[in-house]
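Naming convention: chains lettered A, B, ... in sequence-line order (proteins, then strands); numbering from 1 in each chain.
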Protein chains: 2
Amino acid sequence: MNTGVVYIVDDDEAIRDALGWLFQSRGVNAECFVSAEDFLAAWTIGSSGCLVLDIRMEGMTGLELFDRLCEMGAKLPVIFLTGHGDVPMAVSALKKGARDFVEKPFNDNDLVDKVIEALAWEAERMASDADAASLAQRLGNLTLRERQVMEKVLAGKLNKVIADDLGITMRTVEVHRAHLFEKMGVKTAVELAQLLSQRR
Amino acid sequence: MNTGVVYIVDDDEAIRDALGWLFQSRGVNAECFVSAEDFLAAWTIGSSGCLVLDIRMEGMTGLELFDRLCEMGAKLPVIFLTGHGDVPMAVSALKKGARDFVEKPFNDNDLVDKVIEALAWEAERMASDADAASLAQRLGNLTLRERQVMEKVLAGKLNKVIADDLGITMRTVEVHRAHLFEKMGVKTAVELAQLLSQRR
DNA sequence: TTTCCGCTTGTGGATCACCACAATGGCCGA
DNA sequence: TCGGCCATTGTGGTGATCCACAAGCGGAAA
């Protein structure tokens, strides 16, 4: 069950059709675009999927589209297709985070395998992104004081010390502490530490 | 101050000499090797540095050496040099974890910059590897009981509950807890959680 | 102006964590 | 066999945490 979509961007209709067919036959939903501009217009950041991108196209090239997506903060996996690639181009693309760089003619099955793998990876990334976003959201709901208290809790300080540092009473620290635990959805300081340490 | 070393492996004496000179002039210690075999013989796993590796060599090729190093668990950064590289070769090398893939003729300064960057990266990696090793070592020094108690502490359980789970007294749990905190070098459960969460 | 929210503090009690002092029994290597 | 390490438990006390019940103050929004 692949819920992921592969976006095919190539100005050669024959290749678009062939690839579209190929992916559909393997159960991967495909969407084709004639140009980089078309894809940019249709694509909204945050949407999932894998991009199969021809490099040499009229108008915006695949590499330019990739750069543009990177600037936009897109993180979807990109597999380049090219008939006229050179080594520096491939190296540069991969070092910028492209997932693969395939020369034409390519092996159909290998390409599909790569896309399926990329889609699985993408699904994981989306999930962990969602987690991170949820975490950030909860953090955003904290009050200034609650954040301050949280930092000191994570530093392993006792309520007494935190109270001293912030110039307030222990009782007040307890209140903030309880509030932030509730907002962050944890019951103990240990859980909180794990929540904020794991990522990164 | 670069304490790192760049290992140059190339069967062309002119290039070895030129690169050796080039790196020394920029303050980077260089060691040259005539062949992949020579390097393998001299190399001991765990030693730091950056590898600049020619691909086409008599005997073992650069790519073969790289594969061998990967199998051995070596993680040092590898920068390939080649005059006859093709795209699939470059893509494959980078996907296997090579740091860069440079075609001859190359720009001297760029190469040195890349090596210096790689050495800095390598230094960080070594440091975090050392941390991980130290952590693993401390974990290894824990008793079975101590590890069991640790798990439950990390699960946020109270001593009372832990005692119940393990079928022992609260007092005993307290003892194990104190011991493992000491062995792990932490003073609070929060520190412990951070220690064991940060590194994946 | 009234209301809501955040920040603040107090009291007191039930738990819990931490530690020093003390002790028993088992296993293993010197 | 003796010493050391490990696991186990007890007692008693100090300090911390957690929480319910209560309440005052100030700013911002309605």
Side-chain angles (χ1 to χ4, degrees), chain A residues 131-199, chain B residues 130-200:
Chain A
D131 285 353
S134 142
L135 179 59
Q137 215 237 309
R138 277 175 289 170
L139 279 175
N141 283 333
L142 294 183
T143 316
L144 170 63
R145 269 306 201 217
E146 286 162 356
R147 257 192 301 278
Q148 292 172 336
V149 170
M150 189 183 70
E151 282 179 24
K152 303 201 178 278
V153 168
L154 291 177
K157 297 189 179 185
L158 298 179
N159 285 353
K160 169 196 296 191
V161 181
I162 299 176
D164 240 46
D165 285 359
L166 297 179
I168 55 182
T169 319
M170 242 180 63
R171 187 66 190 81
T172 310
V173 174
E174 287 175 23
V175 173
H176 289 316
R177 186 175 179 132
H179 281 169
L180 80 90
F181 275 27
E182 165 117 11
K183 288 186 182 176
M184 296 302 290
V186 299
K187 285 196 300 296
T188 68
V190 172
E191 287 181 54
L192 183 68
Q194 288 171 336
L195 199 62
L196 296 183
S197 289
Q198 211 133 38
R199 322 278 167 197
Chain B
D131 285 353
S134 141
L135 178 59
Q137 215 238 309
R138 277 174 290 170
L139 280 174
N141 282 332
L142 294 184
T143 317
L144 170 62
R145 269 304 201 222
E146 285 163 357
R147 257 192 301 279
Q148 292 172 337
V149 170
M150 189 181 70
E151 280 179 25
K152 306 205 175 274
V153 167
L154 290 177
K157 298 188 178 183
L158 298 178
N159 285 353
K160 169 195 295 189
V161 182
I162 298 175
D164 242 45
D165 287 357
L166 297 180
I168 55 182
T169 320
M170 240 180 65
R171 187 64 190 84
T172 310
V173 174
E174 288 175 23
V175 173
H176 289 316
R177 186 175 178 131
H179 281 169
L180 79 90
F181 275 29
E182 165 117 11
K183 288 186 182 176
M184 297 300 291
V186 298
K187 283 193 302 293
T188 69
V190 172
E191 287 180 54
L192 184 66
Q194 288 171 335
L195 199 61
L196 295 183
S197 287
Q198 209 132 40
R199 326 268 166 199
R200 147 84 46 102

A/Gln194 versus A/Val186: any side-chain heavy-atom pair under 4.5 Å?
no

Could you name each residue pair satisfying side chain to side chain donor-acceptor pair (under 3.5 Å) that touches residues 154-167 of chain A, not counting sequence neighbours?
A/Lys157-A/Asp165, A/Asn159-A/Arg177

Please determine whether a side-chain nitrogen or oxygen atom of B/Thr169 lies at a distance below 4.0 Å from atom OP1 or OP2 of D/dG10.
yes

C/dT8 C1' sits how many Å from A/His176 NE2, rounded?
7 Å

Atom of B/Ala193, atom of B/Leu154 and distance for their closest heavy-atom approach
CA-CD2, 3.7 Å

Out of D/dT8, C/dT9, C/dG6, which nucleotide sits closest to the side chain of A/Ile168?
C/dT9

Restricting to pairs with a member in residues 178-194 of chain A, which pass salt bridge (charged side-chain N to carboxylate O under 4.0 Å, His left out), not counting sequence neighbours?
A/Glu146-A/Lys183

Measure CD/B/Glu174 against C1'/D/dT11 and give the value in whole Å, please.
12 Å

Using whole Å, what does the distance between atom P of nucleotide C/dG6 and atom CD of A/Glu146 come to?
8 Å

Could you tell me whether the side chain of B/Arg147 reaches within less than 4.5 Å of the side chain of B/Leu180, counting heavy atoms only?
no

Quick one: B/Leu192 CG to C/dA17 P, roughly how many Å, whole number?
15 Å

Please report the end-to-end axis angle for the helix from C/dT1-D/dA30 to C/dA30-D/dT1, five pairs per end, rounded to 10 degrees.
40°

A/Leu166 CG to C/dT9 P, straight-line distance once rounded to whole Å
10 Å

Round to the nearest Å and state the distance from A/Leu144 atom CG to C/dT8 atom C1'.
14 Å

Side chain to side chain contact (heavy atoms under 4.5 Å, CB included) with A/Leu166: which residues, sequence neighbours excluded?
A/Arg145, A/Gln148, A/Val149, A/Lys152, A/Ile162, A/Ile168

Where do N or O atoms of nucleotides 21-26 of chain C meet protein N or O atoms at under 3.5 Å, pair by pair?
{"unit_1": "C/dC21", "atom_1": "N4", "unit_2": "B/Arg171", "atom_2": "NH2", "d": "3.4"}

Using nucleotides 26-30 of chain D, report all nitrogen or oxygen pairs with the protein that are shorter than 3.5 Å.
none

Is the shortest side-chain heavy-atom distance between A/Val190 and B/Leu192 below 4.5 Å?
no

Taking the side chain as C-beta and beyond, is there a heavy-atom pair between A/Thr143 and A/His179 under 4.5 Å?
no

Kindly write out the residues that satisfy side chain to side chain contact (heavy atoms under 4.5 Å, CB included) with B/Ser134, not counting sequence neighbours, or none if the list is empty.
B/Arg138

Between B/Leu135 and B/Met184, is the side chain to side chain contact (heavy atoms under 4.5 Å, CB included) condition met? List the steps.
CA-CA 8 Å; B/Leu135 178 59; B/Met184 297 300 291; 3.7 Å; yes

Could you check which residues of residues 149-164 of chain A get a heavy atom under 4.0 Å from DNA chain C? Sort them by number, please.
none

Nearest-0.5 Å distance, OG1 of residue A/Thr188 to CG of residue B/Leu158
9.0 Å

Interatomic distance, A/Met170 CE vs D/dT17 P [rounded to whole Å]:
6 Å

Can you tell me if the side-chain N/O atoms of B/Arg145 get under 4.0 Å from OP1 or OP2 in D/dT8?
yes

In chain order, what residues pass the salt bridge (Lys or Arg N to Asp or Glu O under 4.0 Å) check against A/Arg171, with sequence neighbours excluded?
A/Glu174

Nucleic acid contacts of residues 177-190 of chain B, taken as heavy-atom distances under 4.0 Å to DNA chain D:
none

With sugar-phosphate meaning primed atoms plus P, OP1 and OP2, does A/Thr172 contact a base, only sugar-phosphate, or nothing at under 4.0 Å between heavy atoms?
base

